[in-house]
Amino acid sequence: MPVQVIDGTPGNLLPSYLQKVDLKYLQIGCDQASKYFQGTVILSYPLTKLVNGTEFFKIVLQESENSCSKTSTINVLFFGRLAGDCGKVVHQGIYAKPSIVTASETASMPVAPKYTYTPLNHLKGGTIVNLYGAVKFFKPPYISKGTDYCSVVTIVDQSNVKLTCTLFNGNLDALPKIYKIGDIVRFHRIKIREYNKQMQGITGIGFASLTFDGTVGAPIVPRTSSKSYSFTEEEQKTIEELRMWAASNLSVCGPTAKLSGVQPMLFFDLTCQLVGKAEVDGSSFLLKVWDGTKCPYPSWKVLVEESDLEGDKVLIRRLRNLIVDILVYDNHVKLAKSLKVGSFLRIYSLHTKQASAENQPNVSYVEFHLHGGTCYGRGIRVLPENNPDVKELKAFMDSVNLTEFQSVESMSSMELDGIFGNLSYQSYSQRCQQLSVTVLTDHQHLDDTALNTILNSSVPQQYRIRAKLRTFKPEKLCQSVKLYCSKCNSLQEVPNDDDFDLILRDCAAAAPNPEVHNSLWYDSAVWDTENQGQRKIAVHFVKHDELLQEPEDTLIMVQGGTLKEIRKLSRRFKCIIPVRSTEEDLELLDLSAPFLLQGKIWHYGCKQCSNQKTIQNLSSLAEEEPSWEPTEIAQVLGIEPLQYVFVMKFTLDDGTGALDAYLFDYEKFFQIPASEVLTSSLLQEKMEMIMNILCPPGTKLDDLPWLECFIKSYNVKDGMEQQVCYQIYDTMVAEDVI
DNA sequence: GATTAGGGTTTG
C-alpha cells in the first residue's frame with residue numbers, strides 16, 4: 001500500500017532515517033531519497049485520467065510552519081496507481097507525505113479544483129490562503145500614489161476575527177466589486193503577513209476575488225471580472241451561512257440617505273445618477289447628481305462656466321430643483337473626471353455642510369463636499385445598471401417623472417418605459433425645450449416647485465412653478481376689470497356708462513350758477529340746448545398764465561352735459577372734470593361718477609378714502625406749466641384714486657396637483673393697461689387672443705401650453721375661517737405670444 | 001520590478 005493515512009503528528013511514525021526538509025531544499029539536483037516534506041493540502045483536484053489512460057491526481061501543499069521560504073506552496077502531481085490511491089483518500093486539510101515531489105508548474109487542469117478556505121482565526125504569516133468573509137469596512141478602489149488602484153477591505157467571519165486586506169491592481173476591474181458593508185467576499189490566493197503585530201492580507205500573484213450581495217436570501221450571483229471561476233454548491237451554502245451570521249453580528253446599516261433625508265453636518269453614502277460634471281480648478285471638480293428626491297434645504301449652486309459643464313443642459317435645467325452640486329477634492333478629482341455622465345454612482349462619506357451667504361446671514365443653504373483622502377471609505381464607485389439599488393433608483397426616478405409627464409404631455413408607453421435610456425433623452429429634451437407662453441420678470445434663478453408640494457407647505461411662501469392653465473374666470477374678459485383702492489384694499493366693479501349718464505342727467509336738471517362763472521384761473525362759456533327744455537351746458541376752461549391753451553393741453557370742467565356730449569368733448573380736450581355748481585363754487589359730482597376723464601380713461605375715486613377738497617385747489621396746478629397728471633389732480637382735490645386692475649382666477653395644474661391662483665394685474669401680465677381695455681375694442685380683442693393661446697378652448701390638458709409663473713401663498717380671514725390663497729406675480733405673457 | 005497602503009472624516 002503506497003499510501004497510508006496517519007493521524008496526529010506523523011514524525012514519530014516515520015522511519016528515523018527520514019529527514020524533514022522545507023521547500024527551499026527542494027531543488028533540482030538535490031538528493032531527496034532520505035527526505036520528506038510536510039504540508040497542508042490547500043487544494044485538491046478531482047482524480048482524472050490523462051489522454052493516454054494514465055490516472056492523474058493533483059494537490060497543492062502549503063508548508064505548515066513557513067519561516068523563510070519565499071514560496072510557501074507546491075504543486076504535487078501523482079501519476080498511475082499512486083494517483084488512484086491518493087485521490088481516494090487525500091482531501092483538503094490533511095497532512096500528506098508524498099512519495100513523489102516535483103517543483104515544476106503543471107499544465108492547466110480541465111477540471112474544477114477544490115479549494116480550501118482558512119477561517120480567519122487560523123491565519124499565519126507568510127502563507128497564501130483562500131478566504132471567505134463578510135465585509136466590515138471597505139474603501140472603494142481609488143488611484144494610489146503608485147501605479148495601481150488600491151482598495152482596503154476589512155472582512156470578518158464566524159470566528160469573529162477581523163482581517164484588513166490591502167488590495168492593489170492596475171486594473172480597477174480586478175479588485176473586489178464591493179458596494180456596501182455586509183457584502184460577502186471570496187478571496188483566492190491572498191498573501192497573509194504580519195503588520196503592526198496583526199495579520200494583514202495583501203494581493204499577490206494570482207489573486208482573484210468574488211463578491212456577493214450580503215442580503216440574506218438574495219440571489220447568489222458572483223461579481224467578478226474573471227472569465228472563468230469555480231463555484232460549487234457547497235460554496236453557495238458557505239455564503240448563505242455567512243450572510244446569516246453577518247446579519248446578526250455585523251452592523252450593516254450604513255449611513256445611506258436619500259437627498260430628501262439629508263441633514264446639515266452629516267456624512268452619508270449617496271446613491272445617485274450623474275447628470276453633469278465640470279472642472280472647477282486643479283483641486284476640485286463639480287458633479288451634478290440627482291436621486292429623484294428633493295433636498296429639504298436650499299442647496300448651493302457651484303458657479304462654473306457654461307462651456308465647462310458636460311452633460312445634457314436641457315436635462316440639467318429640467319431637473320434643476322432635484323439636482324445637487326457636489327464638489328469633490330484632491331485625490332478624487334482624477335476619478336471624478338473619468339466618470340461618464342448618465343452613470344449611476346455611490347458616493348461614500350459625502351459631507352453636508354451648512355453655510356450662509358456673507359451678505360445674507362439669515363439665508364442658509366447646504367453644501368455637498370467629498371473631501372480629499374480616503375478616511376472612512378470616502379470615495380466614489382460606479383454602480384452597474386443591474387445593481388438592485390440602481391434598479392430601484394431607476395424605477396423611482398421613472399415614477400417621479402411619470403407623475404409629471406402623464407398629465408402634461410402625451411407620451412407613448414415606449415417613451416415612458418425608457419425615459420432614462422439614451423433614446424428617450426432626445427424626446428425628453430424636446431419636451432423640455434417647449435417654450436412657456438409666459439415668462440418670469442424676476443426670480444429666474446429659483447427652481448420650480450411642484451404644486452402638490454406647495455399645497456402641502458406652510459403659508460406664506462413664494463414659488464416658481466411650471467403649470468398649465470386648466471380654466472380661468474371670469475370667462476367674459478371685460479368682467480375681469482375692477483377698480484382697486486390701494487389705501488383700503490377694496491375692490492369694486494367699474495360703474496357702467498348708464499350709471500354715469502344718470503348722474504349727469506341729475507346734475508343737468510339744475511341750471512349752472514352764473515355767480516361762479518369766470519374766475520382768475522378759468523374762463524366759462526354756457527350753451528343752451530335745442531329742444532331739451534331748460535338744460536344748459538357750462539364749460540369752464542382752465543387757464544395757464546391767464547391765457548387759454550390749445551384744447552389738447554387744456555383741462556375743462558363741464559356742467560350740465562350728457563354722457564354723449566362729454567365723450568365728444570373728451571376726444572378734443574386733454575382732461576374733463578364733470579362738475580356742478582353750488583351757491584359759492586363749483587364742486588365735484590358724487591364719486592360714483594368719474595372725477596376725471598382723460599381720453600378713453602375714466603378716473604374714479606374711492607368713496608371711503610377720499611376727503612374731497614375745494615375745486616379751487618386746481619388753480620395751484622394751473623399756475624405752473626400744467627401736465628394734468630391724474631395723480632396730481634386727485635391729490636389737490638383730496639381724492640384717493642382707484643386703479644384699474646385685471647382680477648382673474650387661474651386654475652393651474654402641473655400634474656402633481658392643481659390650485660387656484662389669482663391674477664392681480666395693472667398692466668404687466670398682459671402688457672395691456674387695465675385702465676384702457678374697457679373702452680378699446682382693439683385691446684379687448686388682443687386680450688381675448690392671448691387667453692386663447694394660454695388656454696385654448698376645448699383642448700385636453702395634455703395639449704395645453706406651459707406657463708412659467710411666480711406665485712405666492714397667503715392667508716385670508718373670511719369671518720372665522722382662514723383660507724389659503726395664491727397670487728400670481730412677476731410674470732408676464734411671453735413676447736412672441738403678444 | 002518595486003511601489004502603492006497599512007481603515008477611523010475636511011476645514012475647500
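Chain letters run A, B, ... following the sequence lines, proteins first, then strands; residues in each count from 1.
Shortest non-hydrogen contact noted between A:L120 and A:I155 is CD1-O, 3.8 Å.
Across B:dA5, B:dA2, B:dG8, the shortest atom-to-atom separation from the side chain of A:K162 is found for B:dG8. For A:S144, taking side-chain heavy atoms from C-beta onward, the closest of the listed nucleotides B:dT9, B:dG6, B:dA5 is B:dA5. Here the side chain of A:C150 is nearest to one of B:dG6, B:dT9, B:dA5, namely B:dA5. The listed nucleotides are B:dG12, B:dG8, B:dA5; the one nearest the side chain of A:T166 is B:dA5. Distance from the side chain of A:T147 is smallest for B:dT3 among the nucleotides B:dT3, B:dG12, B:dG6. Residue A:F137 places its side chain closer to B:dG7 than to any other of B:dT10, B:dG7, B:dA5. Checking B:dG12, B:dA5, B:dT9 against every side-chain atom of A:K145, the shortest atom distance belongs to B:dA5. Distances were taken from every side-chain heavy atom of A:Y329 (C-beta onward) to each of B:dG12, B:dG6, B:dT4; the shortest belongs to B:dG12.
To the nearest angstrom, P of B:dT11 lies 13 Å from CG of A:L327. Whole-Å rounding puts the A:F267 CZ to B:dG7 P distance at 19 Å. The CG atom of A:N196 sits 12 Å away from the C1' atom of B:dA5 (whole-angstrom rounding). Rounded to an integer number of Å, the gap from CD1 of A:I181 to P of B:dG8 is 13 Å. Between the NE2 atom of A:H351 and the P atom of B:dG12 there is a distance of 11 Å, given to the nearest Å. Going from atom OH of A:Y195 over to atom P of B:dT4 covers 11 Å, rounded to whole Å. In this structure, the CG atom of A:L163 is 14 Å from the P atom of B:dG6, given to the nearest Å. As a whole-Å value, the separation of A:F368 CZ from B:dT9 C1' is 17 Å.
A glycosidic torsion no more than 90° from 0 defines the syn conformation; B:dG7 lies beyond that range and is anti.
When heavy atoms are screened at a 4.0 angstrom cut-off, A:I202 is found touching base atoms of the nucleic acid. Across all strands, A:S283 comes closer than 4.0 Å to base atoms (heavy-atom distances). Residue contacts for A:G373: at a heavy-atom cut-off of 4.0 Å it reaches no nucleic acid atom on any strand shown.
Here, B:dT10 and B:dG6 have their P atoms 14 Å apart, quoted to the whole Å. Annotation: B:dG1 and B:dA5 have their P atoms spaced 22 Å apart (nearest Å).
With hydrogens and angles disregarded, no donor-acceptor distance shorter than 3.5 Å links the side chain of A:D308 to the backbone of A:V304.
Below 30°, between 30° and 60°, or above 60°: for A:H369 and A:H351 the angle between ring planes is between 30° and 60°, a tilted geometry.
Note on A:K139: a side-chain N or O is less than 4.0 Å away from OP1 or OP2 of B:dG8. Here A:K353 reaches the OP1 or OP2 of B:dG12: one of its side-chain N or O atoms lies under 4.0 Å away.
A cation-pi contact links A:K258 to A:F396, judged by a cut-off of 6.0 Å to the six-membered ring centre and 45° from its axis.
Heavy-atom nearest nucleotides on DNA chain B were determined for A:N169 and for A:Q198, and the one closer to the 5' end corresponds to A:N169.
With hydrogens and angles ignored, a donor-acceptor pair under 3.5 angstrom links the side chain of A:T154 to the base of B:dG7.
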Test salt bridge (Lys or Arg N to Asp or Glu O under 4.0 Å) on A:D447 and A:K294; report intermediate values, then the result.
CA-CA 11 Å; A:D447 291 338; A:K294 189 162 165 50; 5.0 Å; no
Before you tell me yes or no, could you show the steps for A:D448 and A:R466 under salt bridge (Lys or Arg N to Asp or Glu O under 4.0 Å), namely the whole-Å CA-CA distance, both residues' side-chain angles and the distance that decides it to 0.1 Å?
CA-CA 7 Å; A:D448 286 340; A:R466 186 172 161 88; 5.2 Å; no
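A salt bridge links A:K180 and A:D389; the closest N-O separation between the charged side-chain nitrogens and carboxylate oxygens is under 4.0 Å.
The ring of A:F168 lies on top of the base of B:dT4, close enough and flat enough: under 5.5 Å between centres, under 30° between planes.
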